[in-house]
J.: 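I'd like to ask you about the structure that follows.
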Amino acid sequence: MMRFVFTHSHAFPGGRVAPEDDGGVEPGCLVEFGDGVTVLAQWRQEGADMVLDIPGYRTAKGAMIEPRRWRLVQDVEGIWRSRRISGN
């Protein structure tokens with residue numbers, strides 16, 4: 001199962017994310033946040049980018065995070081960054 005690791009307690013525009021590819025093709029994945037929270041999500045490949053649909057969840061400190069769709073792109077240094085897809 002594909003895994004995405006965010007360095008903070010939530011995704012945000014420009015935030016760093018480390019995708020860990022297991023070679024699987026299923027749309028289900030795990031999303032781990034820097035505060036220890038892990039959620040089940042959906043992802044798909046779009047050209048060189050990935051699209052990640054993260055459901056609503058609570059951070060370890062109890063803040064409610066709304067569901068969001070993110071485009072993950074590699075910057076010039078090869079680091080994956082999140083970009084919020086407009087309209088969500």
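Just so it is clear, the model here is predicted, and its values are computed rather than measured.
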J.: side-chain contact (heavy atoms from CB on, under 4.5 Å) between Trp80 and Arg16: does it pass, once the steps are laid out?
T.: CA-CA 6 Å; Trp80 287 93; Arg16 189 176 189 152; over 6 Å; no
J.: Would you please classify the geometry between the His8 ring and the Phe12 ring as parallel, tilted or perpendicular, with 30° and 60° separating the classes?
T.: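 The arrangement is perpendicular - the two ring planes meet at more than 60°.
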J.: I want to check something: taking the side chain as every heavy atom from C-beta on, are Val31 and Phe6 in contact at a cut-off of under 4.5 Å?
T.: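 They are in contact (side-chain heavy atoms under 4.5 Å apart), so the answer is yes.
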J.: For residues 50-65, which residue pairs pass the side chain to side chain donor-acceptor pair (under 3.5 Å) check, not counting sequence neighbours?
T.: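 Residue pairs with at least one partner in residues 50-65: Asp53-Arg69.
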J.: By the salt bridge (charged side-chain N to carboxylate O under 4.0 Å, His left out) test, which pairs, at least two apart or in different chains, include something from residues 32-41?
T.: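 Listed once each, the pairs are Arg3-Glu32.
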J.: Test side-chain contact (heavy atoms from CB on, under 4.5 Å) on Met50 and Arg44 and set out the steps.
T.: CA-CA 6 Å; Met50 290 181 258; Arg44 69 180 180 276; over 6 Å; no
J.: Run the side-chain contact (heavy atoms from CB on, under 4.5 Å) test against Pro27 and tell me which residues pass, sequence neighbours left out.
T.: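 For Pro27, the residues satisfying side-chain contact (heavy atoms from CB on, under 4.5 Å) (neighbours in sequence not counted) are Gln42.
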J.: Who pairs with Arg83 by side chain to side chain donor-acceptor pair (under 3.5 Å), at least two apart in sequence or on another chain?
T.: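 Scan of Arg83 (side chain to side chain donor-acceptor pair (under 3.5 Å), adjacent residues dropped) gives none.
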J.: Where do Val39 and Pro55 come nearest, in terms of heavy atoms and distance?
T.: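 Closest approach of Val39 to Pro55, heavy atoms only: CG2-CD, 4.4 Å.
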J.: Using only atom types and a distance under 3.5 Å, with no angle test, would you say the side chain of Trp43 pairs donor to acceptor with the backbone of Glu26?
T.: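 Confirmed, Trp43 side chain pairs with Glu26 backbone.
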J.: Would you confirm whether Gln74, through its side chain, and Val76, through its main-chain N or O, come within 3.5 Å as a donor-acceptor pair?
T.: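 Absent.
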J.: Nearest 0.5 Å please: distance from the CG atom of Asp21 over to the SG atom of Cys29.
T.: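 Nearest 0.5 Å value for the CG-SG distance: 11.5 Å.
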J.: Would you check if Val17 and Val5 make a side-chain contact, meaning some heavy-atom pair closer than 4.5 Å?
T.: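 Val17 does not reach Val5 side chain to side chain.
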J.: Check salt bridge (charged side-chain N to carboxylate O under 4.0 Å, His left out) between Arg71 and all other residues, then give those that pass, not counting sequence neighbours.
T.: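 Partners of Arg71 under the salt bridge (charged side-chain N to carboxylate O under 4.0 Å, His left out) test: Glu46, Asp49.
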J.: With a 4.5 Å limit on heavy-atom distance, are the side chains of Thr7 and Phe33 in contact?
T.: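 Thr7 vs Phe33: side chains apart.
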J.: Can you measure from CG (Leu52) to CD1 (Ile85) and round to the nearest 0.5 angstrom?
T.: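 Leu52 CG to Ile85 CD1: 9.0 Å, rounded to 0.5 Å.
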J.: In this structure, would Val73 and Phe4 fall into the same cluster of hydrophobic residues linked by side-chain contacts under 4.5 Å?
T.: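 No, no single cluster joins them.
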J.: Could you tell me which residues satisfy salt bridge (charged side-chain N to carboxylate O under 4.0 Å, His left out) with Asp75, sequence neighbours excluded, listed by chain and number?
T.: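 Asp75 satisfies salt bridge (charged side-chain N to carboxylate O under 4.0 Å, His left out) with Arg81 once adjacent residues are dropped.
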J.: For a 4.5 angstrom cut-off between non-hydrogen side-chain atoms, does Met2 reach Glu20?
T.: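 With C-beta onward as the side chain, the pair stays apart.
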